[in-house]
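To start, the structure itself, in structure tokens.
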Amino acid sequence: MNLGREAESLAIYAEIVAQSPQNCAALLGLGKSKVWAGLYEEALVYLDRAHNLCPRDLDIRYARAQALSFKGNRSQAQAELHEIEIARAALTRAGELASEVLMHPDHFEARLEMIGMHQDLGRQFPRPGERRS
């Protein structure tokens, strides 16, 4: 939420990022603060850093899409939002499958689907240092 305190949030997050440059939450906060201040190019620097460190964080990806859209890169923003939609649908399905397995531990089809989803998401959203396959 933007309460008209961009300068204050920019200063606070910049200080945290300076002390902890690999803190994804601080990078996200600084990136979002830069978006609120209308500094979209600068926002993307921090949001890209956060994304590289925490590629599975959908909040970071959403903030990147927002910054891209405001910057005028609508096609890139739409592509990012599409990836987020796919991931959210997969996470929803994973939750459904987890509930199914908890209620019916012998439901092997659900277990197999969960394994397949885990492998697919691992390819789509690699851990830091891994490459997409």
### Query
Can L58 and L91 be said to form a side chain to side chain contact (heavy atoms under 4.5 Å, CB included), step by step?
CA-CA 11 Å; L58 297 183; L91 290 171; 3.8 Å; yes
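By the criterion of side-chain heavy atoms lying less than 4.5 angstrom apart, applied directly or through intervening Ile, Leu, Val, Met, Phe, Trp or Tyr residues, L27 is grouped together with L10 in one hydrophobic cluster. Linking Ile, Leu, Val, Met, Phe, Trp and Tyr residues whenever their side-chain heavy atoms come within less than 4.5 Å places L53 and Y46 in a single cluster. At a threshold of 4.5 Å between side-chain heavy atoms, the hydrophobic network of Ile, Leu, Val, Met, Phe, Trp and Tyr places I16 and L39 in two separate groups.
Between R61 and P55, the closest heavy-atom pair is CD-O, 3.9 Å. Shown here for Y13 and S33, the closest heavy-atom pair between the two residues is CD1-OG, 3.5 Å. Here the closest non-hydrogen pair linking C54 and I60 is CB-CD1, 4.0 Å. Looking at every heavy atom in both residues, A43 comes nearest to G31 through CB-O, 3.3 Å.
With sequence neighbours excluded, no residue satisfies ring-ring contact (aromatic ring centres under 6.0 Å, His included) with Y62. Not a single salt bridge (Lys or Arg N to Asp or Glu O under 4.0 Å) links K32 to another residue, sequence neighbours left out.
When the shell of 6.0 Å around OH of Y40 is examined, it contains more than 12 heavy atoms from other residues, nucleotides or ligands. By the neighbour-count criterion of 12 heavy atoms within 6.0 Å, atom CD of E96 is densely surrounded, having more than that number from other residues, nucleotides or ligands.
Ion pairing of E113 with R93 is present here, as a side-chain N (NZ or NE/NH1/NH2) and a carboxylate O approach within less than 4.0 Å.
Residues Q76 and S69 have side chains not in contact (no heavy-atom distance under 4.5 Å, counting atoms from C-beta outward). Looking at H82 and Q78, their side chains never come closer than 4.5 Å, going by heavy atoms from C-beta outward. The closest side-chain heavy-atom distance from H51 to D57 is not below 4.5 Å. Considering only heavy atoms from C-beta on, V17 comes within 4.5 Å of R49 through its side chain. With contacts defined as side-chain heavy-atom distances shorter than 4.5 Å, the pair D59/L28 qualifies.
With values rounded to the nearest 0.5 angstrom, E41 atom CD is found 15.5 Å from F70 atom CZ. Between R74 atom CZ and L68 atom CG the span is 10.5 Å, to the nearest 0.5 Å. Interatomic distance, M114 CE to E109 CD, rounded to the nearest 0.5 Å: 14.0 Å. Note that the CZ atom of R64 and the CG atom of L81 stand 11.0 Å from one another [nearest 0.5 Å]. Residue Q66 holds its CD atom at 15.0 Å from NZ of K71, rounded to the nearest 0.5 Å. Put simply, CG on L47 and CG on N52 are 11.0 Å apart, with the number rounded to the nearest 0.5 Å.
Proximity of a side-chain donor or acceptor of H104 to a complementary backbone N or O of H107 within less than 3.5 Å is not detected.
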